[in-house]
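Reviewing the structure listed below.
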Amino acid sequence: MAMRLIRGAPGCGKTALVFREFSEAVQAGEGADRKLLRIVVPTATLVRHYQHELARSGLVFDPGMVVSLSRFAHECAPPERALPLVSPGLFRALVRASLQRLVLPEFADVANTGGMADVVVETISIFENAGCTPDQLQARSRHLSARGKAFHRIWKDVDDALAARGFATRGRIFRIAAAAALSGRVWIDGFLNFSAVERGLVKNVASTCDLTMTLSDGPMTSGTAKFDLRRFAMELGTSDQLLTGSPRHPQVIAVRAATPEREADDIARRILALHGQGIGFPEIAVALRDVDAWLPLLRSVFDRFGIPARYYFTASARRHPVAAFLGGLLECACGGWDFAQTLAALRANPQWGHSADFDRFDYAVRETMPARGAEELLRLCESERCKSIWLREKIAECLSIEKWRHESAPPAVWHRRLTRFAEHLYRLRTLPEPADYSAIETARSHAAGLRAFSSALEVAAFFFSADDSSVSFERFCAAVSSALDDAVMQIPDDRRDVVHVLSAFEARQWEVRALFICGMTARDYPRFRAPNLLFPDADLERLRNAGIPLLTAADADRDEELLFDVLKTRASETLVLSVSARDSGGRTALPSAHFANTAIVESAPQCRPAATHLFQPAGEVHIPSRIGVASLAALAVRHERVSITALEDLARCHFRFFAGRTLKLTGPPDRPADRLQARVRGSIFHKAMEEWLLDRARDFVEIFEATFDRFCHQFNFPRGYSLEVERILCRRIARQVNESVRWPAISSELETDCSFTLAASGFPAGVTVTCRVDRIDHLGDGNCVIVDYKSGKVENVDKLLTSQTSLQGPLYALAVRERKQLNAVAMLFLAIREDKPIGWGTIPGGGDMGLLPMPLDWIDSARIRTETRLAELFAGDVHVEPTGPEDCKWCDFKNCCRVEQQEAELIPLKTEVAGGN
Amino acid sequence: MGTDFTSEQLSAIEYRKLDACVVAGPGSGKTTVLVERYCQLIERHKFEPREILAITFTEKAAANMKAKLAAQFRHSPERLRELESQSWVSTIHGFCMKLLRENAIAAGVDPRFEILGQRESDKLQWECLHVALDEMTERRREATLELIEALQSPALAGELKDVYDALRSAGRSIAEVRAIRSPSGDWPLIEIATELRGLIREWPLKLSDVQRDERSRLLDWCRDFEAAGEMDFGAFLRWKGSLKVNLRRVPTDYRPAMDEFRELRQATLAAVDRHAAPFRAMIFDVLERFEEEYLQRKATSAKVDFNDLERLAIALLRDHAEVRTRVQKQFRQIMLDEFQDINGQQAELISLLRSTLPETGNTFFGVGDRNQSIYGFRHARPEIFLEYRDEVLAREGQSVALRHNFRSREAILRSVRELLANAEGIEDRELVAKPNFAGKDEPSVEILKTLDPANDRDAACDREAAWIAHRVRTLHGVLQLGPPGETRAAEFRDFAVLCRGGDSMLPILAAFGRAGIPYVCGRRQSFLISREGVDITALLHVIANPRNSIALGTLLRSPLVGVSDETLLRLRAPAHSLTGGLNMFAADPASVPLDEPDASRLRRFVHDLERWRQDQPIVPPDVLLSRAIADCGIEWGPASLSIESFLQLARTTGATMTLPEFLDELESLADAAGTEADLADEDQGNCVQVMTAHAAKGLEFPVTIIAAMDKGSRRESRPVTYTAEHGLGVKWRNPVEYGGKDGLKDSWAEANKAVLRARETEEENRLLYVAMTRAEEHLILSYSCGKSRPSNWAGQVDRCFDPGLAPLPEPIREERGGYAVSIRVTDADPPFLSQAQGDAAGEEMETIATPGAVDNTETAVTVTSLAVFAACPRKYYIQRSLGWNGGRFRRFNADDPDDADNGEDADGQDLSASAIGTEVHAILAGLTSAPGEYSDEARGLADVFLKSDLGQRVASSPRVAREWAFIADMDGTMVRGTVDLWFEEDGEFHVVDYKTDAVSAASAAARAEEYRPQLALYALALERALGQRPVAARLHFLRADTVVQVALDDQTLNQARSLIAGLRLARQQLRFDLREGGHCPACPFYRSICPAGLANRATP
Ligand code: SF4
């Protein structure tokens, strides 16, 4: 049959010629059977691009006539020999299984690693591309190293496993196609090179069909892959036709930026400028190499600058909520429903994972952790804290797969059950009309995620061989989980008016008016490949000499060298190369040599997109400090009763009181390990002390231990070493508790409620101050000693004596005076760690305890201070002004109050005042 | 520096003997020397880049060296390529990584291993330590409780983590450390009495009465002690307590010996060792179990930590002779920079790389400076460098010293030498100033001493910070920098503030914030604690769960929302919580009466919050954040460093995490006070750089401020210590002295203490040396103190320059030997300089107009999708545009055999129905298949058509196309479809579509209406393809064997065209109307994802 080679510089009209000839053939009715007319291009993306271009020219045709080479190969096979292509996930799973099953000494230490499976997969593909089969490799076993032989065993095993499951690799499909009977007209366009196995097919096409092949001439001339392609074509007996249309000569600009972020900003800036000059978004492409670094960055920057873009990349399905929810539930079921893990899985449900009820459930679960068990979780759903009938039902459905946990079934049954399970449980909420395109993307992502999950189920089902007639739930789930690790997904995007963001390799086949090549570091242009771990270059060379046309790392390097040469021919008008001085980690980055050779070098100016919001933003620092008259009643009503500790907060800072006591702001539940805090420890001691004071004959340590255990249970402190350390440290303190500090008392009252009132505007009867005094010792004659137990460090207790904001002392004394008509001759804090009394007054018969003298107007001054503070509060004053920096250090609201901004405002003021003096 | 090398540099560059040792002082141009040597090896001596291994200690240094090499080779693309592809210029970890990647199978490591960053490995180690400790507690509860009681500081995890790190860095195994014998040896208690008697026996015969009494008292003690026999540890301590030697009653000459004996040091150590032996064994058990767990978890996740890199590389080279020989042969030259920072394990690695075989021709070039060894906390051992230097000196008779300093003013170098003269750990070496700076009158060295008479440490720190800010402000724009004739005023970027530790930075950052001084801080978490960082963190917390009402309050009060406290009160009032109030408001804004503008701000916020929460699992975290920040009306750009850093963190670290995980990560980052990112050495914007002295290594700054010099660190007093010399030492609790503060050291701890104390003192001196030698033109030494003399570095400065304890009204100038110092002592706050916030970027910011409304219309569609659109645009949107196939909600029940095992789909339809349809189409398309592949039912249905009139007409047609697929551009929309069959009859074309739905003959006509648009579209495509419109389209309902004809008149075809136009409009406007009607209940989306019928449904 006839073969033609159409050559020419990029942009000289080779593809246009193909389109013309193809259209004529279609219109002449040659395409009644799609198999008789084909355009074959390198990638699926190009397939779609060609189909649309042809359709736009007015042609109506069978889109199946434009195909990728892989699809073409698949369709060439006669029906009786056509095997489905194995999915990458299944292939990798089979490789992994072989590595583990065969237990080869050469790979003993790495057989279980995912990386080794990748190496084997990659090596198989190298051999397959060379057209080699396991049997052919076997025939050359004397050229193989020990590792090479071990590889062969794995490959053979995988090949057999594939055959048993009725799948084929890409290599096999190509080999079948290379031997198939073909006919018709074929145009092969856009290729830079063919692997050996692809060459087999092309040879077959050349000998059986009417073949036209295009080839780009350009800067890359001798010693390159392209040269090989031409020679290959010549060997096939082609006729050679040179097109002489005018080649492209884009303006080339090199841009240097300080960081990748600035580089991406600059790309956005230039794209918008080009767009402003009339170059449509679809005529612009960005090629990138380091996908991990650049894809997220460009996505984020383009989103911010409002540039619509399509990203030709797949994403890992593992990180999608579908995997988190469905995959997570399977893993949780196998693991016995650990609360933390299950919470994370349930949270990923798109329908109710962010409902207010689930938020409540979330906190309830966190408070209960660590725990596990489906039933326990369901019981929690029923608790008062998170009662919600519908949510319980939803969660019960999720947990119902617990029933399968100990079952075994054929893989097909698991597949079906889990498909059903996925369909039933992963559901979207009611979808309104999309507000913008991003809403469509988000909604599509769920569907794409589900498709990826369902492929993972399929991989798992195929993974088990016919011998695995019954597989346990756990084994099947493990296979699903590993398939999910490998699964990728792509969100469909059919918009036309978008900038194309694609890999440098994909971009080689594109033609656009403006092309950006970003991240042009020496590391990436060219990127050098590491040698193959199983077949170092010398081994590959040996096999090549033995007749297997393998490519070595040097060949790969040559391809790499060629990459930029090809890329720079892809733009017809503007080519922008960019690089930054540092990488995202702040390390100096070397620009690529290609970059250095560019004539026009510009630097990236700092820029940002214009604001798009339509409303008045809140603006700079916002420090509201007053409650208006209209809300004063609401404020007052919340504080008809107030505790002394709350009043201490008020004394420290109005805002602290407002945030903690009025608004009652709280953070998330403590993590289990953080639950046993000083505050809780204090409560344990108080409880124990309360009991002990009732009967001091009992051993305090014993009482303490029992109380500690009660709290452990109540707060679900995680068992383990840390808890025992806490227990023992507390016990050491408890051992210090004794009665060495004594004075003669007639009787004692313990844990006595002594509420009293303070005057406050708006409350004719006053505000009720509540307090509970640890101990009141009656001394007779209406005198008493007030005792408050403190379990903290003695230094901290000491500070209470001088603190302006510590009100416990005087207000307890006031309370006792008001409620009990007793005069406190002493008020003391008993620091139980050292059994040390710290306080004010004198205790008759108590000896010298080193107490401070009782201040004169102690009680009244505290009352006046407190009443003044309350009056300010009820007048609406909730402003931020801590009494001292120490108050802020341990304050829960220091992030909320914005005290540092207050300070910044106050300082110049203070300085001016100082200056004025 | 150009290429004018000093003679010392030249001799280093050209040194050609076997091994070389270069001692390179600060600023001596050692990188330039290394680079030049590298270039000469390549160009003059024809080495290939792959034959030179150049190892540096930081990534920054490696990148710097590579950049300099690239600059040298900039004219040779070939060399540049080689440099990138073949060169081995990296950190020691970079080298190990490359070596292991290339030999992963031999090394037994996952070929795709990833590096566990320092913080990640810390976190994992914590987890594993807790596993080990908890397991021990569970399995050996009683013994564990005893262990806890026995330990002076029972919180073991942190201590053991450090020990593990240290022993690994020294290249030791746990078993080896376990086997280290007690440094003080065994000391049987009974010997105490013998020893004491021996000492007393030496007393002279002639004694005073009191001495005689003392002797007999001591002898009594000996007798009683012996009589007590075997004793436990507590008893021993009590006996020890009762041995009161009154030295004044001891003959003068014998007092030292008795004094020494009095402490019973050796005996006590031995007793502690014995007492602690079982506990010590438990600690090692924990370490071993921890290591087992840690190794296993790393292996499972294919991770290796930095130490593993070295360990595995050593094992690879040690255990695989062929790899070792290959590597040794490859590297003909090994250059090691910062040799003084090497640790024991790294030294082992280097020795494996250095071949002793002459045939490999491998030579070694080590560059170091003991005075700059500051990584003791990372277990660096500077003595390894010194040993090497001695070895080279002994063998080669020389080492090269680079004494010239190209960085600093002479006054600065003199102050360094004066301050650190004779300091331990510092080799007193001359530093010869080479640079040429413009002359100036003011001293280049300043002492800033801030007093706080009230002895309040916090207040003193704040005051010092305020003064530092004040000095920056006053020097900025005034201090002239640079060489004569080219001077310029100091900018913010010329300043660096170096602190001993990360915590000391906080007051300084706050003071800079107040003074409007732009800064960048190397501490990774610094942007997290900035105001924007805190607000954004609150935003994330609220997105994760708005029940975190502290975060909600923070967010609502921030500029991101910005409502008043009164509004918060009104929200809170009707509900149980602020979150409850917000939920009420979201459900019904009227339920919470609020004033404007807060009401509209909140309406917007609740609306946005709902969207952010829905998007959060799908949209990448940085995109979500940047959208949310923009939604809140915050405009930000490159100068908003905190927001930028936050987004970068979200994009990198956050991208692989769920939101709760990311929030945990933020918390741990903010907690990681000591961790510090490498600051890049250039282009930080016009900002003051604030960093630790450690991070400043390798950098230089025109104005260097060493701040908070009174702060220090003491490691040697920790409860668990480790040294390579003595192993693991522990402080135990004194069981007879409750609350004893110091505990009892075992003999290992005692021996470690001496080693660590000496090492720390030396290293502190060297760190100060490094910090001071960063300064080029101006150096400020700053500290604060209370009533007493300061300690740590401040103590040294105070002793050296003696600024006194009294405040000075003005700074004074003091002439020292050949240089001047300015001394300021103050107890007052500095005057406030109210200057405007500096622009961190210092550059113009361009604002770019965004494209506004963009056309997001999608252009491709299939005919079947168009038909769905015609029936209901919303159904089209859900099913066709989104690809959502989930059907109507039905409760899931794992018990239900229907759910579990049978083949019914969600609609209750038989799953095989669609499969049968496909089979029928395949049969009628004439596709061959293996016998028995098609079901009887499908064959039967196909026969219905084949035997029908229509089938007969087709059979006799001259031109038939089956399964005719097409793509056509219809008014700008790419329409794809497949016509079941068309045929030509009498020169006219007919379209046929077979249907296998369960449709009765009676309802066929009605059903055919639904298919009308589809058939019209086929006709349009055929008309374009064949140039002639088909005359008729027929639907053959096979089950009912009923054929319905659909007219293909103009009206029908126009309807099809307007259908396409309608779809385009819907896509443009994103409007997909509901078409509610009687058909809805049959739709799989009814009452679930579609809002139709919503009123009747209880929704969450
Ligand atoms: S941090 Fe300080 S200012 Fe802020 S609320 Fe707490 S006490 Fe008040």
Side-chain angles (χ1 to χ4, degrees), chain A residues 55-56 60 62-63 109 113 115 119 258 296 300 306 308 321 352 354-355 359 397 400 403 417 424 428 430 434 437 442-445 447 494 496-497 522 528 586-588 590 593 606-611 613 617-618 622 624 627 631 634 663 665 667-668 720-721 725 728 895-896 904 908 911, chain B residues 63 67 70 77 80 84-85 108 110-112 133-134 137 148 154 514 534 545 547-550 553-554 559 562 564-566 572-573 613 617-618 622-623 633 635 637-638 651 680 683 832 845-847 850 854-856 858-860 882-884 892 894 965 967-969 1024-1025 1070 1089 1091 1100:
Chain A
R56 271 189 203 107
V60 178
D62 181 344
D109 295 334
T113 67
V119 169
S300 166
W352 38 260
H354 287 101
S355 63
D359 290 341
E397 281 166 20
S400 65
K403 306 202 170 73
R417 283 184 183 184
H424 278 305
L428 291 189
T430 299
Y437 185 75
T442 303
R444 273 186 190 160
S445 159
D494 259 335
R496 185 163 147 64
D497 198 17
F528 291 91
R587 290 168 291 258
T588 308
L590 290 184
Q606 302 216 2
C607 63
R608 70 174 173 204
H613 48 84
H622 180 89
I627 301 297
S631 303
L663 300 178
L665 302 185
Y721 184 83
V725 168
I728 286 174
N895 285 342
C896 182
T911 325
Chain B
L80 277 177
E84 195 52 44
S85 62
D110 187 318
R112 300 281 185 267
L133 286 165
D134 290 348
T137 311
I148 296 172
R514 285 193 292 267
V534 168
N545 192 333
R547 294 190 71 75
N548 180 341
S549 57
I550 292 185
T554 306
S564 69
D565 286 339
E566 181 164 353
R572 172 71 178 82
R613 297 195 80 198
I618 303 279
D622 63 314
V623 176
E635 289 172 35
R651 185 163 52 244
D683 202 12
F832 186 81
M845 180 79 62
E846 197 180 327
T847 301
T850 54
V854 292
D855 182 7
N856 279 314
E858 296 185 297
T859 50
L882 303 183
W884 187 258
F892 178 72
I967 179 169
D969 180 349
R1024 290 263 296 276
L1070 301 180
I1089 191 168

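Order of the sequence lines sets the chain letters (A, B, ...), proteins ahead of strands, with each chain counted from 1.
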> If you count heavy-atom pairs under 4.5 Å with chain B, which of A/Cys896, A/Gly720, A/Ala55, A/Ala443 comes out on top?
Replying inline: A/Cys896

> Can you list the steps and then say if A/Val119 with B/Arg112 is a side-chain contact (heavy atoms from CB on, under 4.5 Å)?
Replying inline: CA-CA 9 Å; A/Val119 169; B/Arg112 300 281 185 267; 3.7 Å; yes

> Looking only at heavy atoms, what is the nearest atom pair of B/Arg1024 and A/Val60, with distance?
Replying inline: CB-CG2, 3.4 Å

> Between B/Asp134 (side chain) and A/Tyr721 (backbone), is there a donor-acceptor pair under 3.5 Å?
Replying inline: yes

> At their closest point, which heavy atom of A/Ala447 faces which heavy atom of B/Leu882, and how far apart are they?
Replying inline: CB-O, 3.2 Å

> Between A/Ile627 and chain B, which part of the residue has a heavy atom less than 4.5 Å away: side chain, backbone, both or neither?
Replying inline: both

> Looking at B/Gly553, B/Ala968, B/Ala1025, B/Ser85, which one has more heavy-atom pairs under 4.5 Å with chain A than the rest?
Replying inline: B/Ser85

> How far apart are the closest heavy atoms of A/Asp109 and B/Gly108, and which atoms are they?
Replying inline: CB-CA, 3.5 Å

>> Just verifying a value: how many Å separate A/Asp497 CG and B/Asn856 CG, rounded to the nearest 0.5 Å?
In response: 8.0 Å

> Which heavy atom in B/Asn548 sits nearest to a heavy atom in A/Gly667, and how many Å separate them?
Replying inline: OD1-CA, 3.6 Å

>> For the CD atom of B/Glu846 and the CD atom of A/Gln606, what is their distance to the nearest 0.5 Å?
In response: 11.0 Å

> Does A/Asp359 offer a backbone N or O that forms a donor-acceptor pair with the side chain of B/Asn545 under 3.5 Å?
Replying inline: yes

> Can you tell me how far the CD1 atom of B/Ile1089 sits from the CG atom of A/Leu428, to the nearest 0.5 Å?
Replying inline: 4.0 Å

>> Between A/Leu590 and chain B, with a heavy-atom cut-off of 4.5 Å, which part of the residue counts as in contact: side chain, backbone, both or neither?
In response: side chain

> Out of B/Ala67, B/Ala63, B/Pro154, B/Ala70, which one racks up the most heavy-atom pairs below 4.5 Å with chain A?
Replying inline: B/Pro154

> Is a side-chain N or O of B/Asp110 found less than 3.5 angstrom from the main chain of A/Thr113, in a donor-acceptor match?
Replying inline: no

>> Can you tell me how far apart CZ (A/Arg608) and OG1 (B/Thr850) are? Round to the nearest 0.5 Å.
In response: 13.0 Å

>> Tell me if a side-chain donor or acceptor on B/Arg613 pairs with a main-chain N or O of A/His354 at a distance below 3.5 Å.
In response: yes

> Can you say whether B/Thr137 sits under 4.5 Å from chain A via the side chain, the backbone, both, or neither, judging by heavy atoms?
Replying inline: side chain

> Looking at A/Pro321 and B/Ile618, what are the two nearest heavy atoms and their distance?
Replying inline: CG-CD1, 3.7 Å

>> Tell me which of these, A/Ala634, A/Ala593, A/Ser445, has more heavy-atom pairs under 4.5 Å with chain B than the rest.
In response: A/Ser445

>> Heavy-atom pairs under 4.5 Å with chain B - which of A/Ser300, A/Gly115, A/Pro308, A/Ala610 has more of them than the others?
In response: A/Gly115

> Do B/Arg651 side-chain atoms and A/Pro296 backbone N/O form a donor-acceptor pair below 3.5 Å?
Replying inline: no

